[in-house]
Each structure stands twice: as C-alpha cells, then as structure tokens.
Amino acid sequence: MRVRKVVKELDPYIPGRSQDEIAEEFNLKKEDIIKLGSNENPWGPSKKALYNIKNELNYINRYPESDLEDLKKEIADYSGVDSSEVIIGGDGADEIIDILAKTFIEEDDEFIVPLPSYMYYEFLFKPYGAIPVYGRWNLDDNTLDIESILSKINENTKMIFLCSPNNPTGALVSREDIIKILKVTEEKEIVLVIDEAYFEYSEVNNVDIINKYSNVFIMRTMSKVLGLAGMRIGYGIANSKMIDYMHRIKPVFSLTKLSYYAALNTLKDKEYIKNSIKNGIDSRNYLFEELSKINSLNVLKSYSNYILIGIKDIGITAKELTQKLMEKGVIVRDCTSFKGLDEYWIRVSIGTMDEDKKFLEILNNVIGDI
Ligand SMILES: *Cc1c(COP(=O)(O)O)cnc(C)c1O
C-alpha cells in the first residue's frame, strides 16, 4: 500500500495494559485487579460530574459546544490565568500535543526531549516530519541534565519538551533550569513546552511566567488528579497570541458533550479536588516509605502520583517481574519501552491505601520467591 514513509517507519506506542485485557489473559475477575499502571485517580470520578453526565445523556443527539467559553473560564480560574490564555483538547492533553505540532512544525524541524520522559511527544510529532533530538535526565540524582538540552539547540530547533514532574522519573525541573532555557530560547522563538500533567501532586507550577516569556507553553490534563482519564480532556496555557494561533487549527468538536459536562462539574467540585490531591500525596508518601524498606529496590523520590523503581538487584527483568505481578492481579508499568531506561525499571502508580497494602504484600511475596 502507498502508505506514507513516516507511518511505515513509526515505532508503535505501547500504552499501559487495561483491566479487561489482564482479566481475560490471566482468568481473573476485573474487580479483583489492582491497576497501578497508568497514573489514574484510584478513588473514582467526582460524584457531581457523574450526576451531570447522566443528565446530559438525553441530549447526545446534538453536537457539543464549540467555543467552550464556560469551561475555558472555569479552567482559567482554576489555573489563575485569563480565559484568552487557555486552549482545551478533546483527546486529552495528547490532542494539545497534536495541535502544537500542527501549529508549529514544518518538515525536518527538530524538537528536543530529555530521556527518559513521556514517549507520546515523539509518537505524535514524527508524523509531521519532526525529528527528535534527545537530551538526558540524570537517573543518579533524578535531575534534568540542563547542558544536554542547551548543547542540542541549533537553528533547526523548533520546540523543547520538559515534563515536570517528569514522567516516569517523578522529579521536578527546577525553576532555575526553566529560566536558563527560556533565556536562550526566547529570542530564537523556540517554544518551551512544560508538561504539568501532574502539577497538583507537586504543589508547584509555572503559570506565572506565561507573560514574562513569549515562548512558554504549559500543558495539563484532567486525566490524572481530576479523575477523568476516560473522558479525554486536556488543556494548554500560554500567552493569548500563541493560543489564538492554535485555535485556528484545532478541531472544532473534538471535546464531546459528556466530556464537557464532566470537566465543568469536576472543576466546580472543590471538595473532590482537595481530597484527590491530599489522598494522592498521602498514598505516594506511604508507598515511597514502604518501598524504600525493600533493600533490593532502587526507589526514586517522586513529586507525582507514581514512583519509578530500579529492580536490577532482584535479578529478573521488568518484563518478567510485571508478568509475575499480573498473574497475581497487579498491573504496574514495565518501562522497557521508555527510551533512556534499560530493561530493569518499573513504574508504580498510587492506589487507594487498601490497594497499596495489597500491592506491597504481593510484591514482597514475588521478590521473596525469586
Ligand atoms: C498522562 C499524561 C499526559 C496526557 O494525558 P491525557 O490523558 O492525554 O490528557 C500528558 N503528559 C504526561 C506526562 C502524562 O503522563
């Protein structure tokens, strides 16, 4: 078939595994499976959002909102910016990445991303003819190797992606490093994308600089702490000029009616948000403390809702370990497909306290049996 060359050569993206898949493969009950593989909110969605979605079910014969003004206003208030500085994506933040590519990328432009980081940037950018250039994330002290970014900047660089907290390593990019990069990139008009998908768990963010530097773009999602991964809602924040350009090319109806109501009513549910953040941070701190007691694991400190764990000392690969855990009904992320990591890393998302305890017990048993 006369398929485009980039499509023929594209590495497939390997997402985390679903409960249904694992239930079928290992003959388990879906409700018994502990899913700690995709950094979701384990406490479920906002009740207010659920109530409003159910009401709207009767109207799905109609097209959704297209200007999304109410939702932009709600997101702007939540983020402390103006509505004109917000763009909303209907396939989650992943659509925001796609709109970034459509707005900025010409064939053979380069984008820089440290490794390991979120692999979806590359997956979405390559089809537009963009070339990935890799910097480095230091695993020894879990920091960005800033020189590895600065030294790759050249006249072909169009964009830089920094994820903070970084998925999968869990650490933040320091404000100092962000400013250093902005100082070099602003006059070259290279867009610095700061992916804040997990900012709530770190309790720091970078929105205050969107009007200090013309080239900064902040990307966020409602899939993580806000409990709406299945509804696919993401957003971006930047100066209104950049946002206007992006709106020119954004699909008009990509946010479904039900997602719109889910988003609006979750953001109005302040109690839900407060609890999701607090429970998430408590669960992460508990998991970190307990995992750190297992001597054979290299547990990286996290400011997010997942923890990256080096497992080389237990003597089997991440693929083998995740397989053994799945047989016992636990899904964690095998990080072998993350560029920049070898085959000895897993990423574990926070669960409810109950799930955390069960997971730790199963993990201890599995390691004990090796
Ligand atoms: C989950 C995630 C996203 C986007 O998720 P969506 O579900 O598409 O909104 C973006 N960046 C990072 C680093 C993520 O982990």
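For the numbers below, each heavy atom of this structure counts, side chains included, while hydrogens, waters and symmetry mates do not. Atoms within a ligand are numbered from 1 in the order they appear, just like the ligands themselves.
Annotation: side-chain contact (heavy atoms from CB on, under 4.5 Å) contacts of Ile181 (sequence neighbours excluded): Leu144, Ile146, Ile149, Leu150, Ile160, Leu162, Thr185, Leu192. Residues forming a ring pair (Phe, Tyr, Trp, His ring centres under 6.0 Å) with Tyr198 (at least two apart in sequence, or on another chain): Tyr306.
Looking at Glu290 and Lys293, a side-chain N of the basic residue comes within less than 4.0 Å of a carboxylate O on the acidic one, giving a salt bridge.
The hydrophobic cluster around Ile33 extends to Ile22, Phe26, Leu28, Met326, Ile331, counting ILVMFWY residues whose side-chain heavy atoms fall within less than 4.5 Å of a member.
For Phe125 and Tyr128, the gap between ring centers reaches or exceeds 6.0 Å.
Side-chain contact, Asp20 with Ser18: no donor N or O sits under 3.5 Å from an acceptor N or O.
Protein residues lining ligand 1, listed by chain and number: Asp91, Gly92, Ala93, Asp94, Tyr118, Cys163, Asn167, Asp195, Ala197, Tyr198, Thr221, Ser223, Lys224, Arg232 [non-hydrogen atoms, distance under 4.0 Å].
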